[in-house]
Trainee: 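Quick one: the structure is below, and I'll ask about it shortly.
If you're wondering where the values come from, they're calculated on a predicted model, not measured in any experiment. Below, read A as the first sequence line, B as the second, and so on, with proteins coming before strands; counting in each chain starts at 1.
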Protein chains: 2
Amino acid sequence: MSDDEMITIWMRPERVRRSGPGRRPGYSREQITGVAVRIADAEGVQAATMRRIAAELGTGAMSLYVYVPKRDDLLDLMIDMVMAEVELPDRPGGGWRSDLSLVAHQTRVTGLRHPWLVPLIGSRPTLGPQLLRVNEFALGALDGLGLGIDDITGLVGMLNDYVHGAIRREIGWLEEARRTGLDPERWRRDYVGPYVRQVVEAGTYPLFSRSVLESRTALLTPEERFRHGLDRVLRGIGAQLPTGAPPHTPARPAPDT
Amino acid sequence: MSDDEMITIWMRPERVRRSGPGRRPGYSREQITGVAVRIADAEGVQAATMRRIAAELGTGAMSLYVYVPKRDDLLDLMIDMVMAEVELPDRPGGGWRSDLSLVAHQTRVTGLRHPWLVPLIGSRPTLGPQLLRVNEFALGALDGLGLGIDDITGLVGMLNDYVHGAIRREIGWLEEARRTGLDPERWRRDYVGPYVRQVVEAGTYPLFSRSVLESRTALLTPEERFRHGLDRVLRGIGAQLPTGAPPHTPARPAPDT
DNA sequence: TCCGTTTCCAGTACGTTGTACGTAATTGGA
DNA sequence: TCCAATTACGTACAACGTACTGGAAACGGA
């Protein structure tokens, strides 16, 4: 199977040539990905076009294709690059609750720092090394508590779903606000606000209205709101652990270092 | 505030003119949205271009702009149109567990019927009437059990996060398989398979490897797998209900009919 | 009946996108 | 010194969203 037919980027590592003929590469995957991430952070992922990235590097668009097969692959590389910002110890060991809490909070700050991350990950499932690393840490947090592997993956998946959903709620209409060139606060006030008010006043959805009008958590900081939801999920997880389980001892020896 | 400045489509209802001068409209928002949904179902949302939709209707691309302000608005309309397929009774009343289970399963089949739905909803939060309707039903399922409104929205959010995540996992690489023109099963076997096998054999992520090799739920049907995860979430919700709550009586009178 | 006003239809055109292709430039090894 | 390999990048093409424009159609009032 030739490299050209390798669909996933993770089976097509960057060409590394220590010696031999041919011009020396002037750029790199990591450099290109870094520029793409910076543009996406500032102006949204749709602004990170091949031409724009190349211009930022002072070269032509087609030069990027030496390092990246297609733009879609670059998106996968971007996802994995920012997943590296999720700071975790080599292995879990603080007790399952604080371990999972750490993953959740780290993922949240990363997702807020790069508002395009979670929406993108949602529409393009990828299994880059950094994502696998974070996943492995979360799985490890629940290992050795007497759970089967399927329960572990299920519970971690549930936690992951909450974290992604919460980040999405927190990001909200950020992307669309940017698309229209308005600052997010003004956008919320002038456009989302009137619509929600209209829906509330119409009274068609009474519980939705109550959730807007009588909300107390709306007064909390986003971080506190996130922790409340996280506590709920962690309580749910805790309720499904085998009773009398050891606090955090792994059942298997740690992987070789 | 003129219509031109209304950013959200839900504040710009379709122009309805019962009489007066002017040519009679030959198409409609619903008709256009329907064609777009059909194309997206068959070939992915990126195939539902303005030109393509118009051609399917036997007209020019620019004619669509009489009914839809921008393509992005059409995406919101598509989301809401398929959300209408989530079949629910007028109001909950089967007990919170079966009510929520109903929403979950209905959402799942809808998400599978339109694989672009969940990824799209994830990258573009919208509050169309059909989505509000489904949300209201879910909120109603937990009303009258002694929970505050914030707890209700939190728990419903948690459930919703799981359902969306589960659908995403089930859809998997469907979209990318289609992009490459291969059928999904062949794609999984020839591309995803080798990569996962390589990761597993490298042994870098032992728990991930176990989750692949020792999984028993992988042998279940997707529907059973979904129900298992759903049961976990519902157990988590049940564990957080006030004790001795009435089974399903709403605390407030039903909305006017 | 005719006209003016309003609305819809649709062709043309512009700027932008991803990327296939071809050519020039650069390098190490024979 | 020449060859083979590799990178750099301008050109080109099809397809995209959509602004603009002129023409067609339908009604109310004259």
Side-chain angles (χ1 to χ4, degrees), chain A residues 3-5 7 9 12-29 31-32 35-36 39-40 43-78 124 176 179-181, chain B residues 3-5 7 9 12-29 31-32 35-36 39-40 43-78 124 176 179-181:
Chain A
D3 264 17
D4 296 16
E5 306 191 4
I7 306 286
I9 185 72
R12 298 190 56 174
E14 188 167 17
R15 171 156 36 198
V16 282
R17 292 176 30 78
R18 47 204 95 259
S19 68
R23 188 167 168 176
R24 295 285 140 248
Y27 308 97
S28 71
R29 259 192 201 177
Q31 187 183 9
I32 292 168
V35 171
I39 296 173
E43 307 172 39
V45 64
Q46 83 290 350
T49 66
M50 301 305 271
R51 284 173 170 83
R52 175 72 189 282
I53 297 166
E56 211 100 341
L57 284 166
T59 181
M62 292 315 292
S63 302
L64 306 183
Y65 287 93
V66 173
Y67 306 92
V68 175
K70 323 210 96 188
R71 179 167 187 270
D72 283 3
D73 297 313
L74 183 55
L75 296 179
D76 285 344
L77 293 170
M78 290 169 67
R124 80 187 329 287
E176 297 183 81
R179 224 189 327 262
T180 60
Chain B
D3 264 16
D4 296 13
E5 307 191 4
I7 306 288
I9 186 73
R12 298 189 56 174
E14 188 167 18
R15 171 157 34 199
V16 283
R17 294 175 29 79
R18 47 204 94 261
S19 69
R23 191 168 168 174
R24 293 286 149 259
Y27 308 97
S28 71
R29 258 190 203 178
Q31 188 183 9
I32 291 168
V35 171
I39 296 173
E43 307 172 39
V45 65
Q46 82 291 347
T49 67
M50 301 304 273
R51 283 174 169 84
R52 175 72 189 282
I53 298 166
E56 210 101 340
L57 284 166
T59 182
M62 292 314 293
S63 302
L64 306 182
Y65 287 94
V66 174
Y67 306 92
V68 174
K70 322 212 96 187
R71 179 165 186 269
D72 284 2
D73 296 314
L74 183 55
L75 296 179
D76 284 344
L77 292 171
M78 291 168 66
R124 96 189 310 294
E176 296 184 80
R179 224 190 324 265
T180 60

Trainee: So, does B:K70 get its side chain near the phosphate of D:dG17, meaning an N or O under 4.0 Å from OP1 or OP2?
Mentor: no
Trainee: Measure the shortest side-chain to side-chain distance between A:I53 and A:L74 over non-hydrogen atoms and say whether it is less than 4.5 angstrom.
Mentor: yes
Trainee: Side chain of A:R23, heavy atoms from C-beta onward: which of D:dT7, D:dG10, D:dG17 has the nearest atom to it?
Mentor: D:dT7
Trainee: Does some side-chain heavy atom of B:D72 sit less than 4.5 Å from a side-chain heavy atom of B:D76?
Mentor: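 Result no, sub-4.5 Å side-chain heavy-atom pair not found.
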Trainee: Let me know the distance between CD1 of A:I32 and C1' of D:dC9, rounded to the nearest Å.
Mentor: 13 Å
Trainee: Please report, rounded to the nearest Å, how far the P atom of D:dA8 is from the OH atom of A:Y65.
Mentor: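 Rounding to the nearest Å, OH of A:Y65 and P of D:dA8 are 15 Å apart.
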Trainee: Rounded to whole Å, how long is the line connecting atom CE of B:M62 with atom C1' of D:dA19?
Mentor: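 Distance, rounded to whole Å: 6 Å.
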Trainee: So which one's nearest nucleotide on DNA chain D is more toward 5', B:R71 or A:R15?
Mentor: A:R15
Trainee: Let me see the working for A:K70 and A:I9 under side-chain contact (heavy atoms from CB on, under 4.5 Å), right down to the final yes or no.
Mentor: CA-CA 9 Å; A:K70 323 210 96 188; A:I9 185 72; over 6 Å; no
Trainee: Expected output is a numbered-order residue list: members of residues 44-60 of chain A with a heavy atom under 4.0 Å from any atom of DNA chain D. What is it?
Mentor: A:R51, A:T59, A:G60
Trainee: For B:R12 and B:D73: C-alpha separation, side-chain torsions, deciding distance, then whether side-chain contact (heavy atoms from CB on, under 4.5 Å) applies.
Mentor: CA-CA 10 Å; B:R12 298 189 56 174; B:D73 296 314; 5.7 Å; no
Trainee: Rounded to whole Å, how long is the line connecting atom OH of A:Y67 with atom P of D:dT7?
Mentor: 6 Å
Trainee: Does any N or O in the side chain of B:Y67 come within less than 3.5 Å of the main-chain N or O of B:Y27, such that one atom is a donor and the other an acceptor?
Mentor: yes
Trainee: Ignoring hydrogens, what is the shortest heavy-atom contact between B:S28 and B:E14? Give both atom names and the distance.
Mentor: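 Distance-wise, the nearest heavy atoms are CA-OE2, 3.4 Å.
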Trainee: Quick one: do B:I39 and B:T49 satisfy side-chain contact (heavy atoms from CB on, under 4.5 Å)? Show the steps, please.
Mentor: CA-CA 9 Å; B:I39 296 173; B:T49 67; over 6 Å; no
Trainee: Going 5' to 3' on DNA chain C, which nucleotide is the first and which the last to come under 4.0 Å of a heavy atom in chain A?
Mentor: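 Answer, 5' to 3': C:dT17 to C:dG28.
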Trainee: Tell me the interatomic distance from B:E43, atom CD, to D:dC16, atom C1', rounded to whole angstroms.
Mentor: 16 Å
Trainee: Determine, stepwise, if the pair A:M50 / A:M62 fulfils side-chain contact (heavy atoms from CB on, under 4.5 Å).
Mentor: CA-CA 8 Å; A:M50 301 305 271; A:M62 292 315 292; over 6 Å; no
Trainee: Looking at B:A48, is its backbone amide N or carbonyl O close enough to the side chain of B:R71 to form a donor-acceptor pair, meaning the two atoms are under 3.5 Å apart?
Mentor: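 Indeed, once roles are kept as given, a pair shorter than 3.5 Å links the two residues.
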